[in-house]
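Below is one structure; the comments refer to it alone.
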Amino acid sequence: MNISLTKGASEGPTKLNAFDNALLEADIGDVNLIPVSSMLPPDTHIIPMPQLKPGEMTNCVLAQEYSDNPGDEITAIIALARADQMGCVVELSGTNRDLDEMRQEAKFMAEYMIHKRKLKINDYHEVVSTHTVIDKASVVAALVYHDPIRH
């Protein structure tokens, strides 16, 4: 299976528009996102984000945060740890939280999931989206699943 890590951050006139704009920036704004839980099969490959077909049904793990309080720092993180047998993905988001602490928390959770399954971690990856709110803003971080036959 192929996966991509992507992120976006944007302002908009409404909460929905800010979210949609962040999805557009992440190159997943024109597809139907299907939230899935956080397990990866063995032999998962991370690839650059391909061009998706408008309206396509797209599985993803999505982290998102919104604020309409100017000056807020909003953050969304996707983290994944992989072993030979499988991978585990976590999503984390927050407002006005220390970025280094959030990154450490996301890494801890992903690695813990692998260790709890008594597996050995091969690698760790993350994607982080942050934004300082001007008016109404949203951030997204996503892990997108791809069918290798279609992409």
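No hydrogens, no waters, no symmetry mates; every other heavy atom, side chains included, goes into these values. None of these values were measured; they are calculated from a predicted model.
- Heavy atoms only, all atoms of each residue included: Tyr145 and Thr58 are closest at O-CG2, 4.4 Å.
- Within the 4.5 Å cutoff, no side-chain heavy atoms of Leu62 are placed close to those of Ile78.
- When all heavy atoms of Val140 and Ala22 are compared, the closest pair comes out as CG2-O, 3.7 Å.
- Within the model, atoms CG of Leu24 and CG of Asp30 stand 5.5 Å from one another, a figure rounded to the nearest 0.5 Å.
- Cluster membership check: Val89 does not share its hydrophobic cluster with Ile121, using side-chain heavy-atom separations under 4.5 Å among Ile, Leu, Val, Met, Phe, Trp and Tyr.
- Shortest non-hydrogen contact noted between Pro50 and Ser4 is CD-OG, 3.6 Å.
- Note: the hydrophobic cluster containing Tyr112 also contains Ile114 (ILVMFWY, side chain heavy atoms under 4.5 Å, direct or indirect links).
- A pairwise comparison of heavy atoms in Ala110 and Tyr124 identifies CB-CE1, 4.3 Å as the closest pair.
- Listed here is the closest heavy atom pair of Met113 and Ser38: CE-OG, 3.8 Å.
- Distance alone, capped at 3.5 Å, places no donor-acceptor pair between the Gln104 side chain and the Glu101 backbone.
- In the hydrophobic clustering of this structure, Leu80 does not group with Met86; members are Ile, Leu, Val, Met, Phe, Trp, Tyr whose side-chain heavy atoms approach within less than 4.5 Å, directly or through other members.
- Rounded to the nearest 0.5 angstrom, Leu5 CG and Glu126 CD are separated by 9.5 Å.
- Arg82 contributes atom CZ, which lies 13.5 Å from atom CD of Glu111 (distance to the nearest 0.5 angstrom).
- By the 6.0 Å contact criterion, CZ on Arg103 is open, its count of non-hydrogen atoms from other residues, nucleotides or ligands being 12 or less.
- Exactly one residue among Val139, Val128, Leu92 makes a side-chain contact (heavy atoms from CB on, under 4.5 Å) with Thr75. That residue is Val128.
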Requested in this report: Please assess Arg97 against Glu105 for the test salt bridge (Lys or Arg N to Asp or Glu O under 4.0 Å), listing each intermediate value before the final yes or no.
Outcome: CA-CA 11 Å; Arg97 292 191 54 198; Glu105 180 181 349; 2.5 Å; yes

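- Between Glu11 and His131, the closest side-chain pair of non-hydrogen atoms falls below 4.5 Å.
- Here the CG atom belonging to Leu40 is positioned 7.5 Å from the SG atom belonging to Cys88, to the nearest 0.5 angstrom.
- At a threshold of 4.5 Å between side-chain heavy atoms, the hydrophobic network of Ile, Leu, Val, Met, Phe, Trp and Tyr places Val127 and Phe108 in two separate groups.
- Put simply, the side chain of Met49 reaches to within 4.5 Å of the side chain of Leu52, judged on heavy atoms.
- Neither Met39 nor Ile46 shares a network with the other; the hydrophobic side chains, linked directly or stepwise wherever heavy atoms of I, L, V, M, F, W or Y lie under 4.5 Å apart, form separate groups for each.
- For the pair Leu23/Leu33, a side-chain contact is recorded, criterion being any heavy-atom separation below 4.5 Å from C-beta on.
- Contact annotation: the side chain of Met1 never approaches that of His146 to less than 4.5 Å [non-hydrogen atoms, C-beta and beyond].
- In the model, His125 has a side-chain atom that pairs as donor or acceptor with a side-chain atom of Asp123 under 3.5 Å.
- By the 4.5 Å heavy-atom criterion applied to side chains, Asp27 and Gln51 are not counted as neighbours.
- For the pair Asn17 (side chain) and Pro13 (backbone), a donor-acceptor distance under 3.5 Å is absent.
- Looking at Val144 and Ile3, their side chains never come closer than 4.5 Å, going by heavy atoms from C-beta outward.
- Distance check: Met102 CE to Ile77 CD1 gives 4.5 Å after rounding to the nearest 0.5 Å.
- Asn2 contributes atom CG, which lies 4.0 Å from atom CD1 of Ile47 (distance to the nearest 0.5 angstrom).
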Indicate every side-chain donor-acceptor pair of residues 63-74 with a distance under 3.5 Å to a residue at least two apart or in another chain.
residue : atom : partner : partner atom : Å
Glu65   : OE1  : Ser93   : OG           : 3.1
Glu65   : OE2  : Thr95   : OG1          : 2.7
Ser67   : OG   : Asn69   : N            : 3.0
Ser67   : OG   : Asp72   : OD2          : 2.7
Asn69   : ND2  : Asp72   : OD1          : 3.0
Asp72   : OD1  : Asn96   : ND2          : 2.8
Glu73   : OE1  : Thr132  : OG1          : 2.4

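- Nearest heavy-atom pair across Ala141 and Ala76 is CB-O, 3.6 Å.
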